[in-house]
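Quick notes on the structure that follows.
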Amino acid sequence: MVKPKIVPSMLSSDFANLAAEADRMLRYGADWLHMDIMDGFVSFVPNLTIGAPVIESLRKHTDAYLDCHLMVTNPLDYVEPLGKAGASGFTFHVEAAKENWQELIQRIKSKGMRPGVALKPGTPIEEVHPLLEAKDPVEMVLVMTVHPGFGGQKFLPEMMDKIRALRKKYPSLDIEVDGGLGPSTIDLASSAGANCIVAGSSVFGASYPAEVISKLRKSVLDAQAGSKK
Ligand code: DX5
Ligand code: ZN
C-alpha cells in the first residue's frame with residue numbers, strides 16, 4: 001500500500017517567516033513541504049512566486065523533503081539550479097514538457113531529485129501514461145484539482161475520475177492531489193485513490209492545523225483500509 005503523505009503548501013504560509021512556518025508544519029505532523037514555483041508567464045500560470053534562491057535558503061534550515069511543483073513554461077531551465085539548491089522532488093507539468101520529458105526525467109534524476117509529472121484540470125490523464133511507462137519513468141503524478149495559480153480556490157470534484165483511473169492502472173504509484181483539499185473534500189480524493197495530499201489554505205487558515213493534518217491522514221488510511229476489504 002502506498003504511504004499517505006500530508007503536504008502543506010507553503011504558498012499559504014507567511015513567506016517573511018518561511019523557516020519558522022516550515023518548522024511549525026513539521027511539528028504539526030507534515031510529511032513533506034510543498035513549494036509552488038511559478039514563473040508568471042500568463043500563458044501558463046497567472047502568478048509569480050518563488051525560485052531556487054528561496055529553496056536554497058530554506059534548505060539551510062531544514063532536512064525536510066521539499067516537494068517542488070514547477071508551474072513554469074520551461075522546466076528544463078530549473079533542473080540545475082533547483083538540484084543545487086537542495087530540492088527533493090521536481091514535479092513538472094506535462095503541458096510544458098511535450099517535446100523533452102525524457103531528457104527532463106533523466107536530468108532530474110542525475111541531480112539527485114525525484115521526478116514527478118503534474119497535469120492541469122483540462123489535460124486528459126492519458127497524457128501522463130507514456131511518462132509512467134518509459135524506461136526512466138516519473139515516480140509521482142500530481143493531479144491538479146484547481147487551475148494553477150493561487151491558493152484558496154474551489155476543489156474540482158470532476159478530477160476524481162482521473163485519480164480513480166490512475167490508481168486502477170498503477171496500484172503502487174504516488175498520486176498527489178493539489179488544490180482545494182481540506183476536511184470537507186479529502187474523502188473524495190482519498191476514496192478515489194490519492195495518497196499524497198497537498199493542502200494550503202485549509203491547513204494554514206485553521207485554528208488547529210495539526211488537527212487538519214491528522215484528519216487528512218486518517219481519511220487516506222481509512223480509504224486504504226476500506227479498499228482492501
Ligand atoms: C495552486 C498550487 C497549490 C496551492 C494549493 O496553483 O499549486 O499548491 O497552494 O492551495 P489550496 O490548498 O489553498 O488550494
Ligand atoms: Zn502546487
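Remember, it's 1-based here, ligands and their atoms both numbered in the order they're listed.
Within a 6.0 Å radius of CD in Glu158, more than 12 heavy atoms belonging to other residues, nucleotides or ligands are found. With a 6.0 Å radius and a threshold of 12 heavy atoms from other residues, nucleotides or ligands, Lys120 has its NZ atom above the threshold.
Taking every heavy atom of Ala199 and a limit of under 4.0 angstrom, the matching atoms of ligand 1 come to 12 (O). For ligand 1 and Pro148, the ligand atoms under 4.0 Å from any heavy atom of the residue are 6 (O). Remark: ligand 1 atoms within the under-4.0 Å shell around heavy atoms of Met38 are 6 (O). Taking a cut-off of under 4.0 Å to the non-hydrogen atoms of Gly179, the atoms of ligand 1 that pass are 14 (O). Distances below 4.0 Å separate heavy atoms of Leu11 from the following atoms of ligand 1: 9 (O). Close approach to His34 involves these atoms of ligand 1, each under 4.0 Å from a residue heavy atom: 8 (O). Near His69, the atoms of ligand 1 lying under 4.0 angstrom from a non-hydrogen atom of the residue are 7 (O).
For the residue pair Ile50 and Asp36, the shortest heavy atom distance occurs at CG1-O, 3.5 Å.
Of all protein heavy atoms, the one lying nearest to atom 10 (O) of ligand 1 is Gly151 CA, 3.4 Å. With respect to atom 6 (O) of ligand 1, the closest heavy atom belonging to the protein is Gly149 N, 2.7 Å. Regarding atom 1 (C) of ligand 1, its nearest protein heavy-atom neighbour is Phe150 O, 3.6 Å. Ranking protein heavy atoms by distance to atom 13 (O) of ligand 1, first place goes to Ser201 OG, 2.6 Å. For atom 5 (C) of ligand 1, the closest non-hydrogen atom on the protein side is Asp178 OD1, 3.5 Å.
At least one N or O atom of Gly200 sits closer than 3.5 Å to an N or O atom of ligand 1. Between Ser12 and ligand 1, no pair of N/O atoms sits closer than 3.5 Å. Taking only nitrogen or oxygen atoms, main chain and side chain alike, Gly180 reaches within less than 3.5 Å of ligand 1. By the 3.5 Å distance cut-off applied to N or O atoms, Gly152 is counted among the residues near ligand 1. In terms of N/O distances under 3.5 Å, ligand 1 is not approached by Met71. Between Ser9 and ligand 1, a contact under 3.5 Å exists for at least one N or O pair.
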- Item | Derivation and outcome, side chain to side chain contact (heavy atoms under 4.5 Å, CB included), residues Glu80 and Lys111 | CA-CA 7 Å; Glu80 174 93 35; Lys111 297 290 166 201; 3.6 Å; yes
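In this model, a donor atom of one side chain and an acceptor atom of the other lie less than 3.5 Å apart for Thr73 and Asp39.
Side-chain atoms of Ser202 come within 3.5 Å of backbone atoms of Leu181 as a donor-acceptor pair (strictly under, hydrogens ignored). Proximity of a side-chain donor or acceptor of Gln224 to a complementary backbone N or O of Val2 within less than 3.5 Å is detected. With hydrogens and angles ignored, the 3.5 Å screen pairs a side-chain donor or acceptor of Asn195 with a backbone N or O of Ile175.
Residues Tyr65 and Lys5 fail the side-chain proximity criterion, which asks for heavy atoms closer than 4.5 Å.
Of all N, O or S atoms in His69, the one lying closest to the Zn ion (ligand 2) is ND1.
Between His34 and His69, the angle of the ring planes lies from 30° to 60°, which puts this pair in the tilted group.
Ion pairing of Glu21 with Arg24 is present here, as a side-chain N (NZ or NE/NH1/NH2) and a carboxylate O approach within less than 4.0 Å.
With the Zn ion (ligand 2) as the vertex, atom OD2 of Asp178 and atom OD1 of Asp36 span an angle of 170° (nearest 10 degrees).
Rounding to the nearest 0.5 Å places CG of Leu48 at 10.0 Å from CZ of Phe41.
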